[in-house]
2 protein chains.
Amino acid sequence: MAAQLVDEVGTNEFTMRLLAERLHSSAAMLYRHVASKDELMVYVVDRLLAEVTEAPGDKRPQSWQDAARRIAMRFHRALSQHPNVLPLLAAQVPIGPNGLAVREQTIGTLVQLGLPPRLAARAYTTIAQYIVGFAALESNSPTAAHASAIASYYRELDTDTYPHTVAAADALTGTPLEDEFAEGLQLILDGIDRARRKR
Amino acid sequence: MAAQLVDEVGTNEFTMRLLAERLHSSAAMLYRHVASKDELMVYVVDRLLAEVTEAPGDKRPQSWQDAARRIAMRFHRALSQHPNVLPLLAAQVPIGPNGLAVREQTIGTLVQLGLPPRLAARAYTTIAQYIVGFAALESNSPTAAHASAIASYYRELDTDTYPHTVAAADALTGTPLEDEFAEGLQLILDGIDRARRKR
DNA sequence: ACCTGAACACCGTTCAAGT
DNA sequence: ACCTGAACACCGTTCAAGT
């Protein structure tokens, strides 16, 4: 399957020829199933979004904050487990069936729990953007592959010319990334809550 | 210049050979100035970030909200003027000198106007993510190139299976994108403000 | 020493030719 | 009818060979 291969070798190394080889087939054969590599990538993204969909056994959320937090965590976890999909997600707006399903489920739940439809839609978009953006930031953390190159780059930074950047970096190094994610999310949820109360 | 060519032909059509041709040079010559195409793309992104830097003649912001809004608007405008740079910005964390300068200036201003350093750093990241995410969404609007393909895709959507998505789409079609951007930004600013007051 | 054309090792995609 | 090897038209990158 294409999604597995992306997980394994990453977007850059993913090749129609390599996928064909894995399937004991030929590259030309793939074009009988998909129109292009781009279309295939849409499917790969949609596979990831499938993991964000609500499971049937999930207990019902008690508040819209609860619901938003839960979907955000699922989304975040899916991206942690499939970090190689991130570049694809940043490049496309997810238009596959699961992408639409997640959107629909989430907005629906938020509306049901008291958020005005317009605000619910904006909330979903803002949160989704935050998750993807945070994951992009996370992939640049010291555990990532290109770490050494970027680390050496930052090492050259003067504390005098970039005092706040360096200070902030130090401050944030203290807190684990999981907490950071939750804190930033809370920032957004609070903003949504204030918008809700205003009307 | 590389940035101009990206603006003109887009990321996909941008080619070392084409750039060399524009410069009345050869592709091999480019590798005397840059190590790789990726490095060149870092410069292209940094050119855009240069437009986000504070101009010397700017009047001083009155509040951190004011400062944040102003930098967000500049960033947003730069992306509107160079939409082809967006895919690059989504793929890299901007590590060029201007990227660092914008970060430094912004966090510095926010701290000076009363935001705790940690919160200022997170605020910058969250807002930057929002801007890039919003631009990605905007590039999918009906004025964009791939509009017909995506439009036809959404046309197939059942109002029964995706009631909230369709309803939200209708609701949001009414408001101009500029207003939407400002509203979403306000959501985040409110969240930051609540975090500030809490401590 | 500086620049280039041509080459290398790839791509995504297509298509004539086999079974 | 289904599948494939080879080909096409490209890439980014390198390098021997020219000046």
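Keep in mind that the numbers below use all heavy atoms, side chains included, and drop hydrogens, waters and symmetry copies. Order of the sequence lines sets the chain letters (A, B, ...), proteins ahead of strands, with each chain counted from 1.
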Complementary nucleotide for D:dA9 - Watson-Crick or wobble, under 3.5 Å: none
Opposite nucleotide pairing with C:dG18, Watson-Crick or G-U, both atom distances under 3.5 Å: D:dC2
Parallel, tilted or perpendicular, as decided by the 30° and 60° cut-offs, for the rings of A:Phe181 and A:His76: parallel
side-chain N/O B:Ser25 vs C:dT4 OP1/OP2, d < 4.0 Å: yes
B:Thr15 side-chain N/O to D:dC11 phosphate OP1/OP2 under 4.0 Å: yes
As a test of reading the structure: which of [options] is closest to the side chain of [X], going by heavy atoms?
X       : options               : answer
B:Ser26 : D:dC11, C:dT13, C:dT4 : C:dT4
B:Arg32 : C:dT13, C:dC3, D:dT4  : C:dC3
B:Ala28 : C:dT4, C:dT13, D:dT4  : C:dT4

A:Asp46 side chain vs A:Pro94 backbone, donor-acceptor pair below 3.5 Å: no
Backbone N/O of B:Leu18 and side chain of B:Thr15: donor-acceptor pair under 3.5 Å: no
Distance-minimising heavy-atom pair for B:Leu115 and B:Ala120: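 Closest pair (atom of B:Leu115, atom of B:Ala120, distance): CD2-CA, 4.1 Å.
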Rounded distance in Å - CG (A:Asp38) to C1' (C:dT13): 12 Å
Rounded distance in Å - CZ (B:Arg17) to C1' (C:dC8):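 Going from CZ in B:Arg17 over to C1' in C:dC8 covers 11 Å.
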